[in-house]
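What you see is a predicted model; the values in this text were computed from it and never measured.
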Amino acid sequence: AEGRDAMARGRLILNPDPPAMGEVRTLTAAGPAGPIPIRLYRPATAAVEHPLPALVYYHGGGWVIGDLDSHDVLCRQICAASGCAVVSVDYRLAPEHRFPAAVDDAYAAFVWVAANAASLGIDGARLAVGGDSAGGNLAAVVALMARDQNGPKIALQLLIYPAVDFRFTGTSYTTEADVLPLTDKAMAWFRGHYLGPDSREAALDWRASPARAPRHTGLPPAYILTAEHDVLRDEGRAYAATLRAAGVAVDEVQYPGMIHGFITMGRIVATANTASAACGKALARALS
């Protein structure tokens, strides 16, 4: 509860002013355990009657904190920069709802958006998935599930400093272990809340650690963003290498001097706004 409150208060200090939108609508998608809150954004430049390509976005927060409001400004920024619609997903959080609840909600919401594209003003043939940190994890898992379950086609997986391997073996877990806001101890705390008492065994499940999927061939192209001073840096870079080795097109960018979570700190970190604009441009290219 304290972590959730801290994130809610922090965004008031760190987030830049929200860009104006043409439409912002809060809806619900059908989920395996009941309705899933989602928020639909359309850019101010888009005609109401024109179906837009869309990004289904999963917020960060270690599968424990965060919600539609914590990433409202970032979703608006990506929407404005890309000219695409964005659908933000408020998946169930741990420890009340442990793994794989978030995975189940993430995939169900994506399938629901594709199935209801027409009523949402979305082009169901031009969809992407994305997220930051824990949300990047969920986006990567959804891409794997869509491939394996013959789900809706995905044009891009937008992975912003994604958590993709719960084994915590990257060198950055040593070199960046104490760098706030995400230390190695904080990652262990999130892992325990999300995966539960059998976290070491659950960590080997590819739905928790997409880097451990049996194969990565046939996945959609990826845009992978990492931060230099982030414990998750090396697993993000390793995932980019894994995808390339599997024949997946990868556009990888690392932001020097940046820390985990920087992309939502645009009020005080100018590079955050540069990065969010770059994500929007990558999305526009993929969905054009």
Heavy-atom donor-acceptor pair, [X] side chain to [Y] backbone, under 3.5 Å:
X	Y	result
Tyr91	His59	yes
Arg25	Ile38	no
Arg126	Leu287	yes
Arg98	His193	yes
Ser209	Ala203	yes
Arg92	Ala33	no
Arg39	Ser88	no
Gln157	Val129	no
Thr226	Arg233	no
Arg267	Asn15	yes

Hey, what do you get for [atom1] ([X]) to [atom2] ([Y]), rounding to the nearest 0.5 Å?
X	Y	atom1	atom2	answer
Ile78	Cys84	CD1	SG	10.5 Å
Asp178	Lys185	CG	NZ	6.0 Å
Leu138	Asp132	CG	CG	10.5 Å
Leu14	Ile263	CG	CD1	13.5 Å
Ile160	Ser276	CD1	OG	8.5 Å
Leu74	Cys79	CG	SG	11.0 Å

Identify the two heavy atoms, one from [X] and one from [Y], that lie closest to each other, and give their separation to 0.1 Å.
X	Y	value
Leu40	Leu120	CD2-O, 3.7 Å
Gly136	Leu159	O-CD2, 3.5 Å
Pro16	Gln77	CG-NE2, 3.5 Å
Ala108	Ala30	CB-O, 3.9 Å
Asp67	Asp90	CA-OD1, 3.7 Å
Ala143	Leu219	O-CD2, 3.6 Å

Answer yes if [X] and [Y] sit in the same cluster of Ile, Leu, Val, Met, Phe, Trp and Tyr residues linked by side chain heavy atoms under 4.5 Å apart, and no otherwise.
X	Y	value
Ile154	Val248	yes
Tyr57	Val87	no
Phe99	Trp189	yes
Leu156	Ile122	no
Met258	Met187	no

(request) List in chain and number order the residues that pass side-chain hydrogen bond (donor to acceptor under 3.5 Å, both in side chains) with Asp205, two or more places apart in sequence or in another chain; answer none if no residue qualifies. (result) Arg207
(request) Quick one: list whatever passes side-chain hydrogen bond (donor to acceptor under 3.5 Å, both in side chains) with Ser119, sequence neighbours left out. (result) none
(message) Measuring centre to centre across the rings, with the benzene-like ring taken for any Trp, is His71 within less than 6.0 Å of Tyr58?
(response) no
(message) For Glu201, is the CD atom crowded, meaning more than 12 foreign heavy atoms sit under 6.0 Å from it?
(response) no
(request) Can you establish whether the number of heavy atoms outside Glu2 located under 6.0 Å from its atom CD is more than 12? (result) no
(request) Scan for ring pair (Phe, Tyr, Trp, His ring centres under 6.0 Å) pairs involving residues 232-255, sequence neighbours excluded, and state none if there are none. (result) His216-Tyr239, Tyr255-Phe262
(request) Please lay out, stage by stage, how Leu243 and Ile224 fare under the test side chain to side chain contact (heavy atoms under 4.5 Å, CB included). (result) CA-CA 11 Å; Leu243 293 178; Ile224 299 180; 4.1 Å; yes
(message) Please evaluate residues Phe110 and Leu127 with respect to the criterion side chain to side chain contact (heavy atoms under 4.5 Å, CB included), reporting the C-alpha separation (whole Å), side-chain torsions for both, the decisive distance (0.1 Å), and the verdict.
(response) CA-CA 9 Å; Phe110 172 66; Leu127 298 175; 4.0 Å; yes
(request) Walk me through it: do Asp230 and Leu182 pass the test side chain to side chain contact (heavy atoms under 4.5 Å, CB included)? (result) CA-CA 7 Å; Asp230 180 4; Leu182 188 66; 4.2 Å; yes
(request) Determine, for Asp251 against Arg285, whether the closest basic-nitrogen to carboxylate-oxygen distance falls under 4.0 angstrom. (result) yes
(message) Within the 3.5 Å criterion, strictly below it, is a donor on Ser133 or His260 matched to an acceptor on the partner's side chain?
(response) yes
(message) Pair Cys279, Leu225 - check side chain to side chain contact (heavy atoms under 4.5 Å, CB included), show working.
(response) CA-CA 9 Å; Cys279 288; Leu225 181 157; 4.0 Å; yes
(request) With the side chain counted from C-beta on, respond yes when Val141 and Trp206 share a heavy-atom pair under 4.5 Å apart, and no when they do not. (result) yes
(request) Using the side-chain contact (heavy atoms from CB on, under 4.5 Å) rule, pick out the option among Val111, Val103, Asp104, Asp105 that qualifies with Tyr107. (result) Val111
